[in-house]
*Asks:* 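I'd like to ask some things about the structure below.
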Amino acid sequence: MKRISLRNGNGIPFISLFPTSYSCFSPIIVRVYSSKSISVLSKFRANSNFECLDDALILFKKMVTMKPLPSLVDFSKLLKTIIIMKHYSAVVSLFREMQKLGIPINGVILNSVINSYSLMHHADCGFSVLPIYLKNGISFDVVTFTALIRGFFAENKVKDAVELFKKLVQEKICEPDEVMYATVMNGLSKRGQTEKTLSLLRLMEQGNTKPDIINYSIIIDAPCKDRNLDGAISLLNEMKQKGIPPDIVTYSSLIDGLCKLGQWEKVRILFSEMVSLDIYPNVRIFTILTDGLCKEGKVEDAEEVMRQMVRKGVEPNIIIYTAIMDGYCLRGELDGARRVFDFMIDKKIEPDIICYSVLINGYCKVKQLAEAMQLFHEISQKGSKPDIFTYSILLQGLFEAGKIDSAKKFFAEMLSTGLVPDLYTLCTLLKGYFKYGLVEEAMSFFNKLEREIEYTSIEFYNVVINGLCKNGELDKARVIFEKLSLIGMLPNVRTYTIMINGFSLEGFLDEAKDMLRKMEDNGCMPNNVTYNVFVRGYLRCSKINEMATYMKEMVRKGFSCDADTTELLVNVIRENPSVLDMIPEFRSEYKK
DNA sequence: CTAGGGTTAG
């Protein structure tokens, strides 16, 4: 009621004494509305929020019958609300309805339609909206293009997305703003393209649009996901220096990264830094903490975090309960997990498919297959549907329990439901075959997959190479390993470790040594597992001098013996105590 | 300078 506007959108001066959203109607015209319609609309204007889609559709029906029609602002707000409710196809239907009824449209409405298509993973449909702009003399703007780019990313068409972005910039079709940069950055960062994401930030710095807090949050999330927390923290400092204050999202990414590295002290420091900046922890960040703790088996600490959170008035959600369940499962404490599960149900929180899958995984790991299967059947009874993760978990469980025929049947059952197995599921199956020495079956399956699947991964090849090595088929493994570079597949630390293990199992320690050198030459650094595998090879052949050399190197690099290596080493020392003098690094551990 | 597009958890 305060602001006096001197002109409306068409440049015709008028004085508005009404709050903004009413400004285009005079009070007399407003009375033409039926009182019921206007009350629903006012309620929506005050609080753009619906319980369900039907309520939104009811309002839409009322709006289109009002005379005069409510403003396009009301229509676009309604569409946005429906998008937030994730009923994208409803947005498209309502838009068609508006066109049929001859209701005017504008760029904002059309942009929402494209965005809906993009969120439905139908980039092509989004493009098919473009002629409607032209027909109505509406020009594309940065929002239009951002929605289209988002559509490409949603369909995993990264190249198309980046090309469109580049074209817009190079041909000066539209000047990208923070949101467009954020969309491209996020698309790249989520696909592990950290370097490219960072170079976009540097590109932005040179242009007119300066990176904002969301750009930085996206940028910081990338190295966090790569476990490069030093890189992430230097970007945090960079944004602080530029006077952009980090928010809860930025801290969430950082704390998640630190949790996953088990750097609890740094988690504590960052958490208190956040609180000291008056950023209050929300349910999401508590979830990150709980999950991080549980993944390390620190369930008691996680439960303490949860109690503190409840004390602060934040209600636990299904993700937190699932994390805690997973923590109990990880420790093999299935009774504990089942407490949590039942407690959740008591709290009237319906377990979803992930929750079920976690518990099923727990039962599989302690080989209680009957219990796992019963839960699996309970899913369908409760009206939910098992997904590929659920199937993969049970498939793995059946194989690990040696129930090969059941596993095969179960896989067939999965296919019959129309679910398409992902690479992980297929790897599980392959691993299962190899584990039980079904090398021929595994290899014919592998050959078939290699022919039929468009995109495989290095992990897929790791399974086969490992399977062959463990089944005494080192030569065949070697052939596939040599083939990798030809098909453009880059071996990773696991691939090399598998080969090193393959060689040392056959006693080919020189070849193993060559492989270790080769991986380092290729810029792939050996990790804890690599060194353990390597040292075990020498131990098994009783080549104590070499073993001691590499043991020293391993310790110097901050790695340590795992359970298998320790056991082997203890046996060797028992037979020949003088070995201990050669590796003083191991002495304190040996005493234990 | 009102309405539309971007960030964190199982």
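Here the structure is a predicted model, which means the values were calculated and not measured. Worth knowing before you read on, the calculation uses all heavy atoms, side chains too, and leaves out hydrogens, waters and symmetry mates. A note on names: the letters A, B, ... follow the listed sequences, proteins ahead of strands, and every chain is numbered from 1.
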*Asks:* With a 4.0 Å cut-off on N to O distance, would you call A/Glu333 and A/Lys365 a salt bridge?
*Replies:*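 Result for this pair is no, no salt bridge flagged.
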
*Asks:* Just say parallel, tilted or perpendicular for the rings of A/Phe286 and A/Phe271, cut-offs at 30° and 60°.
*Replies:*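 Judged by the thresholds at 30° and 60°, the geometry between A/Phe286 and A/Phe271 is tilted.
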
*Asks:* Answer yes or no: is there an ion pair linking A/Arg307 with A/Glu304, defined by an N-O contact shorter than 4.0 Å?
*Replies:*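 Yes, this pair counts.
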
*Asks:* Under 4.0 Å between any heavy atoms, over every strand shown, what does A/Asn317 touch: base, sugar-phosphate, or nothing? Just pick one.
*Replies:*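 Answer is base: heavy atoms of A/Asn317 come under 4.0 Å of a base.
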
*Asks:* Nearest-Å distance, NZ (A/Lys210) to P (B/dG6)?
*Replies:*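 The distance from NZ of A/Lys210 to P of B/dG6 comes to 24 Å, rounded to the nearest Å.
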
*Asks:* According to a strict under-4.0 Å criterion, is A/Lys225 in side-chain N/O contact with OP1 or OP2 of B/dA9?
*Replies:*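 Answer yes for this pair, as a side-chain N or O of A/Lys225 is under 4.0 Å from OP1 or OP2.
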
*Asks:* Take atom CG of A/Leu201 and atom C1' of B/dT7, then tell me their distance rounded to the nearest Å.
*Replies:*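 My rounded result for the distance is 14 Å.
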
*Asks:* Which is true for A/Ile318 with a 4.0 Å heavy-atom rule: it touches a base, it touches only sugar-phosphate, or it touches nothing?
*Replies:*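 Answer is base: heavy atoms of A/Ile318 come under 4.0 Å of a base.
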
*Asks:* Tell me: NZ of A/Lys190 to P of B/dT8, nearest whole Å?
*Replies:*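 Between P of B/dT8 and NZ of A/Lys190: 4 Å.
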
*Asks:* B/dT7 phosphate, OP1 or OP2: any side-chain N/O from A/Asn186 under 4.0 angstrom?
*Replies:*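 Answer is yes, contact under 4.0 Å.
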
*Asks:* Give one of base, sugar-phosphate or nothing for A/Val283, where a contact means two heavy atoms less than 4.0 Å apart.
*Replies:*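 Contact class for A/Val283: none.
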
*Asks:* Look at all strands and tell whether A/Asp326 reaches a base, only sugar-phosphate, or nothing, counting heavy atoms closer than 4.0 Å.
*Replies:*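 It contacts nothing in the nucleic acid.
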
*Asks:* At 4.0 Å (heavy atoms only), tell me whether A/Met185 reaches a base, stays on the sugar-phosphate, or touches nothing.
*Replies:*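 Result for A/Met185 = nothing.
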
*Asks:* Where the side chain of A/Thr322 is concerned, which of B/dT8, B/dG10, B/dG6 is the nearest nucleotide?
*Replies:*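 The answer is B/dG10.
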
*Asks:* Is the base of B/dG5 touched by the side chain of A/Thr146 through a donor-acceptor pair closer than 3.5 angstrom?
*Replies:*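 By the distance-only test, yes, there is a pair.
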
*Asks:* Mind checking if A/Ile220 touches a base, just sugar-phosphate, or nothing, with heavy atoms under 4.0 Å?
*Replies:*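 No contact.
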
*Asks:* Of the options B/dA3, B/dG10, B/dA9, whose atoms approach the side-chain atoms of A/Val108 most closely?
*Replies:*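 Among B/dA3, B/dG10, B/dA9, the one nearest the side chain of A/Val108 is B/dA3.
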
*Asks:* Taking only side-chain nitrogens and oxygens of A/Lys260, does any of them come within less than 4.0 Å of OP1 or OP2 of B/dG10?
*Replies:*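 For B/dG10, OP1/OP2 do have a side-chain N/O of A/Lys260 under 4.0 Å.
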
*Asks:* A quick test of your reading: do over 12 heavy atoms of other residues, nucleotides or ligands sit less than 6.0 Å from CZ of A/Phe127?
*Replies:*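 More than 12 within 6.0 Å, yes.
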
*Asks:* Figure out the CZ/C1' separation between A/Phe153 and B/dG5, and round it to whole Å.
*Replies:*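 Going from CZ in A/Phe153 over to C1' in B/dG5 covers 14 Å.
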
*Asks:* Counting any heavy atom closer than 4.0 Å, what does A/Ile288 reach on the DNA or RNA strands: base, sugar-phosphate only, or nothing?
*Replies:*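 Contact class for A/Ile288: sugar-phosphate only.
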
*Asks:* Decide, yes or no, whether a salt bridge links A/Glu300 with A/Arg331 under the criterion of side-chain N to carboxylate O below 4.0 Å.
*Replies:*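 Yes, charged N to carboxylate O under 4.0 Å.
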
*Asks:* Give A/Ser253 one of three labels, base, sugar-phosphate or nothing, depending on what nucleic acid heavy atoms sit under 4.0 Å from its own.
*Replies:*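 Touches sugar-phosphate only.
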
*Asks:* Can you find an N or O donor on one side and an acceptor on the other, under 3.5 Å apart, linking the side chain of A/Asp74 with the base of B/dA3?
*Replies:*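 Checked by distance alone, the answer is no.
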
*Asks:* Between A/Lys240 and A/Glu273 (salt bridge meaning N to carboxylate O under 4.0 Å), is one present in this structure?
*Replies:*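 Yes, charged N to carboxylate O under 4.0 Å.
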
*Asks:* Taking OP1 and OP2 of B/dA3, is either one under 4.0 Å from a side-chain nitrogen or oxygen of A/Lys77?
*Replies:*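 For B/dA3, OP1 or OP2 has a side-chain N or O of A/Lys77 closer than 4.0 Å.
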
*Asks:* What is the distance, to the nearest angstrom, from the CG atom on A/Leu119 to the P atom on B/dG5?
*Replies:*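 The distance from CG of A/Leu119 to P of B/dG5 comes to 9 Å, rounded to the nearest Å.
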
*Asks:* Could you state the atom-to-atom distance from CZ of A/Arg150 to C1' of B/dT7 in whole Å?
*Replies:*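 About 11 Å, once rounded to whole Å.
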
*Asks:* With no angle test and no hydrogens, is the base of B/dG6 tied to the side chain of A/Asp177 by a donor-acceptor pair under 3.5 Å?
*Replies:*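 Absent.
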
*Asks:* Quick one: A/Ile109 CD1 to B/dT2 C1', roughly how many Å, whole number?
*Replies:*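 Going from A/Ile109 (CD1) to B/dT2 (C1'), I get 15 Å.
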
*Asks:* Could you state the CE-C1' distance from A/Met204 to B/dT7, rounded to the nearest angstrom?
*Replies:*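 That distance rounds to 13 Å.
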
